[in-house]
Amino acid sequence: MSELTNGQGMLMIVLMCGVLLVIVMRGKRVDMMIGFILRVLCGVVCIYIVNHLMNYFQYSGTLGFNRYTLLASGLLGLPGVIALYAIKIVSLL
């Protein structure tokens, strides 16, 4: 099997999220899914801002956007983002 490129990986994540959204909407738990999506979006914005601040101050401990960071921010919200940065900082020590 060949490895996935970044574009293919993102496409698979988007498709899986779409399928999950359809499944959840059929179960009439739209409010849970909307809350998850809003937490993911807030987490992405927080990570983006903190990464830019860290780059400005020339600190190398930035986080990337991948399925794990999106899942942590979606499930845990802002405490999940803070935990991700704490794990990153501890791993750099």
Side-chain angles (χ1 to χ4, degrees):
M1 291 186 96
S2 64
E3 294 185 24
L4 295 175
T5 63
N6 285 341
Q8 291 172 335
M10 284 300 285
L11 179 63
M12 286 183 62
I13 291 171
V14 169
L15 288 175
M16 286 188 287
C17 287
V19 168
L20 183 63
L21 180 65
V22 169
I23 291 170
V24 169
M25 288 178 83
R26 285 188 75 211
K28 301 198 184 197
R29 297 180 189 234
V30 177
D31 54 340
M32 276 181 35
M33 188 52 127
I34 290 173
F36 178 81
I37 292 170
L38 288 175
R39 284 189 303 272
V40 167
L41 291 175
C42 289
V44 166
V45 169
C46 289
I47 291 171
Y48 181 78
I49 290 171
V50 172
N51 281 349
H52 276 289
L53 287 172
M54 292 174 93
N55 285 334
Y56 178 76
F57 291 112
Q58 298 167 347
Y59 184 73
S60 63
T62 59
L63 286 178
F65 296 106
N66 57 37
R67 64 186 128 203
Y68 304 114
T69 57
L70 297 178
L71 183 65
S73 67
L75 290 176
L76 302 174
L78 187 60
V81 174
I82 293 170
L84 288 171
Y85 275 106
I87 291 168
K88 182 68 172 185
I89 290 170
V90 168
S91 71
L92 292 174
L93 296 178

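Just so you know, these numbers come straight off a predicted model, no measurement behind them.
Each side chain to side chain donor-acceptor pair (under 3.5 Å) pair with one or both residues in residues 33-45, not counting sequence neighbours, would appear here, but there are none.
Residues satisfying the side-chain contact (heavy atoms from CB on, under 4.5 Å) test with Val45, not counting sequence neighbours, are Ile49. Checked against side chain to side chain donor-acceptor pair (under 3.5 Å), Asn66 has the following partners two or more places apart in sequence or in another chain: Thr69. Residues passing the ring-ring contact (aromatic ring centres under 6.0 Å, His included) test with Tyr48 are His52, sequence neighbours excluded. Remark: Leu38 pairs with Ile34 by the side-chain contact (heavy atoms from CB on, under 4.5 Å) rule, at least two apart or across chains.
With a 4.5 Å cut-off on side-chain heavy atoms, Leu78 and Cys46 count as touching.
Between the CG atom in Leu63 and the OG atom in Ser73 there is a gap of 10.0 Å [rounded to 0.5 Å].
Taking Ile, Leu, Val, Met, Phe, Trp and Tyr as hydrophobic and joining them when side-chain heavy atoms fall under 4.5 Å apart, one finds Tyr68 isolated, its cluster having no other members.
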Table please: side-chain donor-acceptor pairs of residues 80-90 below 3.5 Å, with sequence neighbours left out.
| residue | atom | partner | partner atom | Å |
| --- | --- | --- | --- | --- |
| Tyr85 | OH | Ile47 | O | 3.3 |
| Tyr85 | OH | Asn51 | OD1 | 2.8 |

